[in-house]
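Structure first, then comments.
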Amino acid sequence: MRNAQEEEPPDPQLVRLDNMLLAEGVAGPEKGGGAAAAVSAATSSGGMSPDSSLEHSDYKSKLSQIRNIYHTELEKYEQACSEFTTHVMNLLREQSRTRPVSPREIERMVAIIHRKFSSIQTQLKQSTCEAVMILRSRFLDARRKRRNFSKQATEVLNEYFYSHLSNPYPSEEAKEELAKQCSITMSQVSNWFGNKRIRYKKNIGKFQEEANLYAMKTALGATQSEESPHTPNSTG
DNA sequence: CGCCATGATTCGCC
DNA sequence: GGCGAATCATGGCG
């Protein structure tokens, strides 16, 4: 305890950890709001599939589990820190009967103790962050759970894309309609069109066959304007 | 298993 | 906030 005397600025690593725990709703003020905010932040761009509410609540319960552990541990450390501090103060008080103890020395001791305990807290924060990251990658990274859309959904999307090939940018209303028809979210519709536009542009030749197919389909749909029960086309 | 298709995410731009 | 581009990670087929 004699060394480590120099004043260190706030550890950027620690600040980073604090920010992250706050963002994840682990270190936030209260339970419900924090976790919900973290989830909504994590799903801001990619909509979650509608059937993921079960996994979603699973995620929330696991996150609050992590949160509880974090808080009890943190509280334990803080309590231990203050207990140890008063203990050392008592020792110093005893020593002051036999030798001079300057206020500066007391100050220094307290600072050293706090530094030690805060380094322990940093470890706690680090492992908590790690746990949250693992949880997130398991539950919220939709890339790990990608499922191809149904053939019918892809058909609906392709029909729109190729019949609006000159301007394949569906409006909000159109996206909503497509999402409803395909039983997917609007974010997924946006993702699909984003991917489709860039991939179509990159290699128009590869999509020529597909383009012709859907051009023909819409042409047929326009002339027939009705579909018989057994034809596989679904121009609606 | 290797390869490509595909849905989702990230980053930079406006 | 939406978009293009690059990238990630999985699905699916041979």
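Because the structure is a prediction, the values reported are computed rather than measured. Just so you know, these numbers use all the heavy atoms, side chains as well, and skip hydrogens, waters and symmetry mates. Each chain gets a letter, A, B and so on, in the order its sequence line appears, and its residues count up from 1.
Proximity of A:Gln188 to the phosphate of B:dG7: no side-chain N or O atom is located under 4.0 Å from OP1 or OP2. Contact between the side-chain N/O atoms of A:Tyr169 and the OP1/OP2 oxygens of C:dG4 is found at a separation under 4.0 Å. OP1 or OP2 of B:dA5 sits under 4.0 Å from a side-chain N or O of A:Lys206. Of the side-chain N and O atoms in A:Lys175, none sit less than 4.0 angstrom from OP1 or OP2 of C:dG1. Residue A:Arg197 places at least one side-chain N or O under 4.0 Å from the OP1 or OP2 atom of C:dG4. Using a 4.0 Å cut-off, no side-chain N or O of A:Asn148 falls inside it from OP1 or OP2 of C:dG11. OP1 or OP2 of C:dG4 has not a single side-chain nitrogen or oxygen of A:Lys202 nearer than 4.0 Å. A:Arg199 has no side-chain polar atom (N or O) that falls below the 4.0 Å cut-off from OP1 or OP2 of B:dT6.
Panel note: side chain A:Ser64, backbone A:Arg67; no donor-acceptor pair is recorded below 3.5 Å.
The distance from atom CG of A:Asn158 to atom C1' of B:dT6 is 12 Å, rounded to the nearest whole Å. Rounding to whole angstrom units, CG of residue A:Asn191 and P of C:dA9 are separated by 17 Å. We find that CG of A:Asn167 is positioned 10 Å from P of C:dC3, with the value rounded to whole Å. For the pair A:Lys196 NZ and C:dC3 P, the computed distance is 17 Å after rounding to whole Å. The distance from atom CZ of A:Phe193 to atom C1' of B:dT6 is 15 Å, rounded to the nearest whole Å. Protein atom CZ of A:Arg146 is 10 Å distant from nucleotide atom P of C:dT10, rounded to whole Å. Spacing between atom CH2 of A:Trp192 and atom P of C:dC3 amounts to 14 Å, rounded to whole angstrom units. Atom C1' of nucleotide B:dG7 and atom NZ of A:Lys151 are separated by 16 Å, given to the nearest angstrom.
Of the candidates C:dG4, B:dG7, B:dA8, C:dG4 carries the atom nearest the A:Ile198 side chain, counting heavy atoms from C-beta on. With distances taken from any side-chain atom of A:Lys201 to the nucleotides C:dA6, C:dG11, C:dG4, the minimum falls on C:dG4.
Using a cutoff of 4.0 Å between basic side-chain nitrogens and carboxylate oxygens, A:Glu105 and A:Arg108 are not scored as salt-bridged.
Neither side chain, A:Glu75 nor A:Gln79, offers a donor N or O lying under 3.5 Å from an acceptor on the other.
Taking the ring centroids of A:Phe207 and A:Tyr162, they lie at or beyond the 6.0 Å cut-off.
Between the side chain of A:Asn195 and the base of B:dA8, at least one donor-acceptor pair of N or O atoms lies under 3.5 Å.
Put simply, A:Leu157 and A:Ile198 are part of two different groups of oily side chains (I, L, V, M, F, W, Y) that touch within less than 4.5 Å, one to the next.
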